[in-house]
Number of protein chains: 2
Amino acid sequence: MPKPTQKQTIYDIAQQIGTSPSTVSAALNGTWKARRIKAETAERIIALAGQMGYSVNLQARGLRTARSGLVGLILPEHNNRFFSDLSQSFTLEARARGQIPVIIATQRDPKAEMQTVQDLLAYSIDALFVAGAAGPQQISAFCQAAELPHVFIDQPCPGASSVITDNEDGARRLTRAIIETLQPAIAPPRDRIYLIGGDGRLHVSSRRIAGFRAEIEAHFGQCDDAQVIACGYAPEMALASIRALYDQLGGLPAGIFANSINVFEALLRFLVELPEAELQSVSMGCFDYDPYGELLRVPVHMIRQRHRQLVRTAYELMDQPPEHPELVTVKPELYPAPARAARVPAQ
Amino acid sequence: MPKPTQKQTIYDIAQQIGTSPSTVSAALNGTWKARRIKAETAERIIALAGQMGYSVNLQARGLRTARSGLVGLILPEHNNRFFSDLSQSFTLEARARGQIPVIIATQRDPKAEMQTVQDLLAYSIDALFVAGAAGPQQISAFCQAAELPHVFIDQPCPGASSVITDNEDGARRLTRAIIETLQPAIAPPRDRIYLIGGDGRLHVSSRRIAGFRAEIEAHFGQCDDAQVIACGYAPEMALASIRALYDQLGGLPAGIFANSINVFEALLRFLVELPEAELQSVSMGCFDYDPYGELLRVPVHMIRQRHRQLVRTAYELMDQPPEHPELVTVKPELYPAPARAARVPAQ
DNA sequence: GGGGCTTGTGCAATCGATTGTGCAATCAGC
DNA sequence: GCTGATTGCACAATCGATTGCACAAGCCCC
């Protein structure tokens, strides 16, 4: 039980033992062998330090070594399943390496992002990970100028190493799952699968859309442009889109591919008002994961990004920086919906 | 656009301007008036610093001032709605004060908690907030010894200031809401409301249970001990409990009070397998919030802790430490279930 | 017994800021 | 023109560690 009554320094310890501060320093930070300190001396120092409740002043060390043991992670928000999963994995990974994770949410505000990067740099953080920033290029340019190692996660940034989910692969698998659970005998015009949400101009969305189209074409020979409703990520837009689609088709389509959890939530807001029987006729998939998805009365396939793997890979890119910036992809995980058979039918 | 080509120091600036480092320091950290630096000199320095892309070395400043601008928040995990809400609020509050929030998840592991506290202390953090720690007393003792200001959030710790949700009040309001949406004409033994989950030995649970009982007694004259099933927070236990209750009663009870989101999830796992009609007969409440709660086919009342308020209050306790440790409560928010009338009945 | 090697440790500079104190130069007042 | 206050700034110590280098003592070997 350490009792750090008052700040202890290596000078205090040195005095107690009757040795010099440099010897104490070496003994405590593990370089004593290299400095040829006698094992017994080192042990005595370490023992005393322990019972005095000494702990290094990391600011002093950091000042001298120009490092800090802090690693940063910038993300848009905390209260989001994916980002909190990412925070979790990042924390575990950083702690395992003896680093202190500093996770900062910047609300997708480029100004806040830059301010944060600068602040973190002022603390001499050792590395920076960036997930879902609004202004990636600016961040990357800044880090490069400051020679701060950095890697983007879940977001490709030109000129910097990035590790992202294989969105195309995920979209294909999700689409396939939706196809496999299509209810038989649904008449036109309700017999098709629609992708809702996302923004075709963004890298992430475009890959997902490509995957969706590819899989639809592979199974049905073609994919009508109308089947891709990239209305953005705003819930209101998604809600409006599904409503319009419902009216246009005279009911729900045979399948729905929700392009993100927000979109899915919006859809759900609409679906939950419908009679159960109607619900049961649709085959759904969501490109994102939430445990509640498994607890709905509608079966939903979900794609979950491998957050742990993303973080690990990002760290690897950091540890052994490639010659040129690299874009690494990680395949996501499919959480297939519980089989319909297991559910008690309505009524 | 700052371009920090290479690390700049106040010495570099001093040389460029032809002044001393101390003057530069004063000009840049705002103490120049107190040090009677000419306004023009200060401006010149500030301008040059800006165009050189200078930024203070916070480790150096921290070493000198024995502060750091870092504030810690310890919590059990990131991927939990409440804690991520808390992280969010904490980040905003800290950033607004010009501090860097350092949020660390310690998995409810007392060892990891202590290790983290020590690490943070080694960085000379200015303050520590603790939410949901497994070993609060140990943490508090350590902080006291190190004279580190600290406040507990959502968890009372003897001997330290704490700000927690008014669990009794929340439980009463939640219970009242459940009572108000009870379906008419449910025959015994299924006509009662049950609280499921939690641990009566914990402060938080005991207050909730007290609130539940009080409100039940106020409405029904008495509360049977059997109506409180404090089976812990483990999902498996909750699942087993609801199953046993279902078997015992020959159906669902009239009302269910889920004592936490985990418990609620477990219940849902059971409920989702039941026919819709049965579901519609139960009035539910959950002491925790998740947006998905609003999207279920079962109406659910939810209690949400005011995370923003908790953080603000905690900061106030930190800013103006009371003579003796104080326990402040914050009333939570009730998210009533959408009215049943708005829902299309099954079939 | 002298030269060279190894062993164990101390000295002092250094990282980049902050801050108490000292001291010219200027100014005001008589 | 002299005194005392004010203005504007520089000096140097300091925070607590790390680290290059020097150096004494002991040892080996011829």
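So that the names make sense, note that chain A is the first sequence line, chain B the second, and so on, each numbered from 1. Values reported hereafter were calculated over all heavy atoms of this structure, with side chains retained and with hydrogens, waters and symmetry mates removed.
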Sort me out a list of protein N/O and nucleotides 3-8 of chain C N/O pairs below 3.5 Å, or just none if empty.
unit_1: C:dG8; atom_1: N7; unit_2: A:Arg36; atom_2: NE; d: 3.0
unit_1: C:dG8; atom_1: N7; unit_2: A:Arg36; atom_2: NH2; d: 2.8
unit_1: C:dG8; atom_1: O6; unit_2: A:Arg36; atom_2: NH2; d: 2.7

Original post:
NA contact type, A:Thr9, heavy-atom cut-off 4.0 Å: base, sugar-phosphate, or nothing?
Top reply: sugar-phosphate
**OP:** Classify the nucleic acid contact of B:Thr19 as base, sugar-phosphate or nothing, counting any heavy atom under 4.0 Å across all strands shown.
**Re:**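 Sugar-phosphate contact only - B:Thr19 comes under 4.0 Å of backbone atoms but never of a base.
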Subject >> Geometric class of the B:Phe90/B:Tyr315 ring pair [parallel <30°, tilted 30-60°, perpendicular >60°] >> reply: parallel
**OP:** Measure up the B:His78 and A:His78 rings against each other and bin them: parallel (under 30°), tilted (30 to 60°), perpendicular (over 60°).
**Re:**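 Plane angle under 30°, so parallel.
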Are the side chain of [X] and the backbone of [Y] linked by a donor-acceptor contact shorter than 3.5 Å?
X        : Y        : result
B:Glu113 : B:Ala134 : yes
B:Arg35  : B:Thr23  : no
B:Thr313 : B:Gln309 : yes

For [N] and [X] - does any side-chain N or O of the residue sit under 4.0 Å from the phosphate oxygens OP1/OP2?
X        : N      : value
B:Ser20  : D:dC9  : no
A:Asn29  : D:dT18 : yes
A:Tyr123 : C:dA17 : no

Original post:
Does a side chain donor of either A:Asp119 or A:Gln115 reach within less than 3.5 Å of an acceptor in the other side chain?
Top reply: yes
Gap between atoms [atom1] and [atom2], on [X] and [N] respectively (whole Å):
X       : N      : atom1 : atom2 : result
A:Tyr54 : D:dG16 : OH    : P     : 10 Å
B:Glu40 : D:dC9  : CD    : C1'   : 14 Å
A:Ile45 : D:dT18 : CD1   : P     : 12 Å
B:Gln59 : C:dT18 : CD    : P     : 14 Å
B:Arg44 : D:dG8  : CZ    : C1'   : 13 Å
B:Lys7  : C:dA17 : NZ    : P     : 10 Å
B:Gln8  : C:dC15 : CD    : P     : 15 Å
B:Leu58 : C:dC15 : CG    : C1'   : 14 Å

**OP:** Determine the sole option in B:Asp85, B:Asp166, B:Thr165 for which the side chain to side chain donor-acceptor pair (under 3.5 Å) test with B:Gln305 is passed.
**Re:**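 One option only clears the test, and that one is B:Thr165.
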Subject >> Residue whose nearest DNA chain C nucleotide is more 5′ - B:Pro21 or A:Thr23 >> reply: A:Thr23
Subject >> Divergence of helical axes at both termini of the helix from C:dG1-D:dC30 to C:dC30-D:dG1 - five pairs an end, 10° steps >> reply: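 So the angle between the two local helix axes works out to 50°.
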Original post:
Checking only heavy atoms, does the side chain of B:Arg61 share a donor-acceptor pair with the base of C:dT18 at less than 3.5 Å?
Top reply: no
Original post:
Is a donor-acceptor pair below 3.5 Å formed from side chain B:Ser22 to base D:dC9, judging by atom type as modelled?
Top reply: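 Result: no qualifying N/O pair found.
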**OP:** Report yes if some heavy atom in the side chain of B:Asn79 is under 4.5 Å from a heavy atom in the side chain of B:Ser84; otherwise report no.
**Re:**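 No, every pair of side-chain atoms sits at 4.5 Å or beyond.
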Subject >> Residue met sooner reading DNA chain D from 5', once B:Thr65 and B:Gly18 are mapped to nucleotides >> reply: B:Gly18
Original post:
For A:Lys38, what residues pass the salt bridge (charged side-chain N to carboxylate O under 4.0 Å, His left out) criterion, not counting sequence neighbours?
Top reply: none
Subject >> Crowding at CZ, A:Arg97 (>12 non-hydrogen neighbours, <6.0 Å) >> reply: yes
